[in-house]
Chemist: 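Please find one structure pasted underneath; my questions will follow.
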Amino acid sequence: MDAKDLLRIIDDGENAELECKAAKGGLPKDVWETYSAFANTNGGIILLGVEQKGQEFFPVDVDAKKLVKDFWDGINNPQRISKNILVDRNVEIVEVDGKEIVKIYVPRASREDKPIYIGHNPFTGTYRRNYEGDYKCTKEEVQRMIADQSPIPQDSKVLPNYGLNDLNMESVRSYRNRFSSLKPDHPWNGLELKDFLYKIGALGRLRETNEEGLTLAGLLMFGEERSITEYLPQYFLEYREKSSDVPGERWTDRIISSDGTWSGNLYDFYFKVIRRLTDDLNIPFQMEGLFRKDDTRVHAALREALVNTLAHADYYGRRGIVIEKEKMLFRFSNPGVLRIPLQQALKGGISDPRNPTIFKMFMLIGLGERAGSGIENIHLAWKEQHWTAPELIEEFQPDRTILTLRTTSLLPQESVDFLKAVLGKHYKFLTNDEVLILVTAHQENYVTNTRLQSLTDKKSDEISKLLSGLVEKGYLEPNGQGRGTKYTLTEMFHQKSIGNSRYNRISSGPNVNNSGPNAANSGPNENEQTKDHEKVLLDISELARKKKRLNPSEMDEIILNLCAIKPLTLKELSQLLNRQMDPLRKKYISRLLKEGKLEPLYPEQINHPKQAYMTRSLFTNQH
């Protein structure tokens, strides 16, 4: 890394993957908290010799060589930190403006090494990272990390007090029928029930006592819901479907494992859900010889996504499995983070399923591809349809992995028209790759290097050059560093969006459109009032857009003043304040709601698709 790259990191300020420390008095004690936090989350960079003054960061004079020595001494001391996962190249000294800065790159720790903790007790010394900084992990988070260390899969555990009486025999019979239809000559077809279940991994035996019992995989795959939840109280399966974009419409179809009308196990859930996911796919049929082939890559991709969700879930985790289908997307969400780095998962070829026995059971009946090929196959299917590339993310507190598959075009016409309207004659000078980047930023609110790797065939360094070029042209603004950098459209696009209703990514709020008899009368006064509101909102939020870091009390005041003008959605606030939605919700909106300073527009339906927020005084005046 050269001085120019480091200066850009410093200018961007702190984020979830960057921590700056002045270190004037020597190696800071809290450097170990940050090391633990980065290692247990997604990695990150620590800069020693960088001081914060207000919203700005500056290099300061430090004894860099001593800092490096003290750091290596500490990280190799088992009394100080549980494990050193760094190599020599992870720590370097970079000179900036005549001052030496120590740059420490902390990679994401492997599951075998997690948790990385301070001192001797993982339950008191384990940290993770979020947008608010380092936080101490809960006992539950540490327990999940420790559980993932084991080379023995969680679903192979034998449950000696569980047997055939805990199984739904109709599920078992259905599975055996599918197996024999797919493999009519297989020797397992002639086995007795117990022997068959033992072969597929649903039954096991404790070698120490020779005691027999269901495996966790067998219980989850074929068990009755009541038996499953007696062992796994957090177990829950849900499918929900919404067939239109009508505001306020509830789910048009919903399946939950606890309603008592079906078994509630994974096997039956898969077949209930996959039919609904694929029933109305608008994919042109293909011909295979003289016959029509109804099964397409997209059908296979959705099967793969569903099997992966069930096989990778942490069934000891919270909030259960949720599968969603909307008009233009599919979303697969399961408890537990990935057991390999996110970038590695996106590349494919390597897999580390949390429940390999469940994965094997699905493969035995022709569902699920070889390990590591799932994401790759899904990407190929979506690329074939020219749809927006799949998005795979991890969330913490609680741990979740979320795969979102959008069936929207890579280059929606509304975004292309928006870019042309803003850039005018300059649009024709953009390359195809630059158009794709700007369109993605418009559609998804920001882009990252990792996201663009999934959308194109280009490597990380090629994408970095494209992004840097768009930053230099004034079209993108970087927030963050390295693989964590998020690039958003600059203010010139935001002003056009606010001022032109045709390309308005910030809606006019739930209460702007009257539903009364005079709704059609949108005369000059109403248009002027709307413009006045837009100008006021921009004026109020100007400070937040210009400064990447604000005192929380200042941000609170800005948010309350904005929501006093009219109800605003989270997306509206995100764009007005130039902040990402998730940290904005967690750090400010949730707290202001708890404190009673904000009120939701739809208090009876918190997850309302048009949910917006008002200051308490505005709420009182309207009701």
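All values reported here derive from a predicted model rather than from experimental measurement.
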Chemist: Can Asp30 and Lys21 be counted as an ion pair, charged N to O under 4.0 angstrom?
Modeler: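 Salt bridge between Asp30 and Lys21, a charged N being under 4.0 Å from a carboxylate O: yes.
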Chemist: Is Lys183 atom NZ crowded by more than 12 heavy atoms from other residues, nucleotides or ligands, each under 6.0 Å away?
Modeler: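 Counting other residues, nucleotides and ligands, NZ of Lys183 exceeds 12 neighbours.
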Chemist: Hydrogens and angles aside, do Asn168 and Ser263 bring a side-chain donor and acceptor to less than 3.5 Å of each other?
Modeler: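 Short answer, no.
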Chemist: Look at the side chain of Asn308 and the backbone N and O of Ala305, then say whether any donor-acceptor pair between them is shorter than 3.5 Å.
Modeler: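 Side chain of Asn308 to backbone of Ala305: no pair is present.
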Chemist: Go through the steps to decide whether Thr34 and Asp134 satisfy the test side chain to side chain donor-acceptor pair (under 3.5 Å), and finish with yes or no.
Modeler: CA-CA 6 Å; Thr34 303; Asp134 307 328; 2.7 Å; yes
Chemist: Between the main-chain N or O of Phe396 and the side-chain N or O of Asp399, is there a donor-acceptor pair closer than 3.5 Å?
Modeler: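 Judged by distance alone, no pair lies under 3.5 Å.
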Chemist: Is the Tyr267 ring parallel, tilted or perpendicular to the Phe222 ring (thresholds 30°, 60°)?
Modeler: tilted
Chemist: With side-chain contact (heavy atoms from CB on, under 4.5 Å) as the criterion, how do Asn265 and Ile228 come out once you've worked through the C-alpha distance, each side chain's angles and the decisive distance to 0.1 Å?
Modeler: CA-CA 8 Å; Asn265 60 44; Ile228 298 173; 4.2 Å; yes
Chemist: Any side-chain heavy-atom pair from Pro335 and Gln234 closer than 4.5 angstrom?
Modeler: no
Chemist: Can you find a side-chain donor-acceptor pair between Ser464 and Asn449 that sits under 3.5 Å?
Modeler: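 Yes, a side-chain donor-acceptor pair sits under 3.5 Å.
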Chemist: Is there a donor-acceptor contact under 3.5 Å from the side chain of Arg400 to the main chain of Gly320?
Modeler: yes
Chemist: Grab the two heavy atoms, one from Pro107 and one from Ile85, that are nearest each other, plus how far apart they are.
Modeler: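 Minimum heavy-atom contact is O-CD1, 3.6 Å.
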Chemist: Okay, side chain of Arg129, backbone of Ala39: is any donor-acceptor separation there less than 3.5 Å?
Modeler: no
Chemist: What's the shortest heavy-atom distance between Ile378 and Pro390, and which atoms?
Modeler: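 Closest heavy-atom pair between Ile378 and Pro390: CG2-CG, 3.8 Å.
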Chemist: So, do Leu467 and Leu452 sit near enough that their side-chain heavy atoms are less than 4.5 Å apart?
Modeler: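 When only atoms from C-beta onward are counted, Leu452 and Leu467 do touch, with a gap below 4.5 Å.
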Chemist: Could you tell me which non-hydrogen atom of Ile274 sits nearest to which non-hydrogen atom of Thr278, and how far apart they are?
Modeler: O-OG1, 2.8 Å
Chemist: Please assess Phe196 against Val172 for the test side-chain contact (heavy atoms from CB on, under 4.5 Å), listing each intermediate value before the final yes or no.
Modeler: CA-CA 10 Å; Phe196 178 81; Val172 176; 5.7 Å; no
Chemist: Within the structure provided, determine whether Tyr315 and Leu266 are in side-chain contact (heavy-atom separation under 4.5 Å).
Modeler: yes
Chemist: List the atom of Pro59, the atom of Val96, and the distance in Å for their closest heavy-atom pair.
Modeler: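 Nearest heavy atoms, Pro59 then Val96: CG-CG1, 4.0 Å.
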Chemist: With side-chain contact (heavy atoms from CB on, under 4.5 Å) as the test, would you mind laying out the steps for Tyr117 and Met145 before giving the verdict?
Modeler: CA-CA 11 Å; Tyr117 56 92; Met145 283 188 257; over 6 Å; no
Chemist: Considering the options Gln143, Lys114, Arg111, Arg354, which one meets the side-chain hydrogen bond (donor to acceptor under 3.5 Å, both in side chains) requirement together with Asp148?
Modeler: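 The residue from Gln143, Lys114, Arg111, Arg354 that satisfies side-chain hydrogen bond (donor to acceptor under 3.5 Å, both in side chains) with Asp148 turns out to be Arg354.
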Chemist: Below 4.5 Å, heavy atoms only, C-beta onward: do Tyr175 and Ile200 meet side chain to side chain?
Modeler: yes
Chemist: Could you check whether any side-chain N or O of Trp72 sits under 3.5 Å from a backbone N or O of Asp88, counting only pairs where one atom can act as donor and the other as acceptor?
Modeler: no
Chemist: Determine the minimum heavy-atom distance between Lys360 and Lys199, stating which atoms define it.
Modeler: NZ-O, 3.3 Å
Chemist: Applying ring-ring contact (aromatic ring centres under 6.0 Å, His included), name anything that partners Tyr198, two or more places apart in sequence or on another chain.
Modeler: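 Per chain and number, Tyr198 pairs via ring-ring contact (aromatic ring centres under 6.0 Å, His included) with no residue.
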Chemist: Do you know which two heavy atoms are closest between Gln154 and Ala313, and how far apart they sit?
Modeler: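 That would be OE1-O, 3.9 Å.
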Chemist: Quick check on ring pair (Phe, Tyr, Trp, His ring centres under 6.0 Å): which of Phe38, Tyr127, Phe71 does Trp32 satisfy it with?
Modeler: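 Single pass found, and it is Phe71.
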Chemist: Roughly how far, to the nearest 0.5 Å, is the OH atom of Tyr135 from the CZ atom of Arg128?
Modeler: 5.0 Å
Chemist: If we only count heavy atoms from C-beta on, is the Arg585 to Ser574 side-chain gap below 4.5 Å?
Modeler: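 Result no, sub-4.5 Å side-chain heavy-atom pair not found.
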Chemist: So Pro160 and Leu206, do their side chains get closer than 4.5 Å, heavy atoms only?
Modeler: yes
Chemist: Under 6.0 Å from the NZ atom of Lys194, do we count more than 12 heavy atoms belonging to anything else shown?
Modeler: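 Incorrect, the count does not exceed 12.
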Chemist: Measure the spacing between CZ of Arg451 and CD1 of Ile463 and express it to the nearest 0.5 Å.
Modeler: 11.5 Å
Chemist: Looking at CZ of Arg331 and CD1 of Ile323, how far apart are the two atoms once the value is rounded to the nearest 0.5 Å?
Modeler: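 Atom-to-atom, Arg331:CZ and Ile323:CD1 are 11.0 Å apart.
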Chemist: Roughly how far, to the nearest 0.5 Å, is CG of Leu203 from CD of Glu212?
Modeler: 5.5 Å
Chemist: Find out whether Lys587 and Arg579 are in side-chain contact, i.e. whether some heavy atom of one side chain is under 4.5 Å from a heavy atom of the other.
Modeler: no
Chemist: Is the number of heavy atoms from other residues, nucleotides or ligands within 6.0 Å of CZ (Arg226) greater than 12?
Modeler: no
Chemist: Given 3.5 Å as the limit, does a donor-acceptor pair link the side chain of Thr215 with the main chain of Ala202, or not?
Modeler: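 A pair under 3.5 Å: yes.
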Chemist: Nearest 0.5 angstrom please: Glu395 CD to Ser333 OG, how far?
Modeler: 7.0 Å
Chemist: From Ile255 CD1 over to Glu238 CD, what is the distance, rounded to the nearest 0.5 angstrom?
Modeler: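 Nearest 0.5 Å value for the CD1-CD distance: 10.0 Å.
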Chemist: Should we count CG of Asn77 as having more than 12 external heavy atoms under 6.0 Å?
Modeler: yes
Chemist: Tell me which one of Leu48, Leu47, Ile46 satisfies side chain to side chain contact (heavy atoms under 4.5 Å, CB included) with Val50.
Modeler: Leu47
Chemist: Side chain of Ser36, backbone of Thr126: donor and acceptor closer than 3.5 Å?
Modeler: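 No, Ser36 side chain to Thr126 backbone: no donor-acceptor pair under 3.5 Å.
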Chemist: Yes or no on side-chain contact (heavy atoms from CB on, under 4.5 Å) for Val298 and Trp387, after CA distance, side-chain angles and deciding distance?
Modeler: CA-CA 11 Å; Val298 175; Trp387 287 337; 3.9 Å; yes
Chemist: Could you tell me whether Asp70 and Lys66 make a salt bridge, using a distance below 4.0 angstrom between a side-chain N and a carboxylate O?
Modeler: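 Looking at Asp70 and Lys66, the cut-off is met.
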Chemist: Is any side-chain heavy atom of Gln580 closer than 4.5 Å to one of Thr488?
Modeler: yes
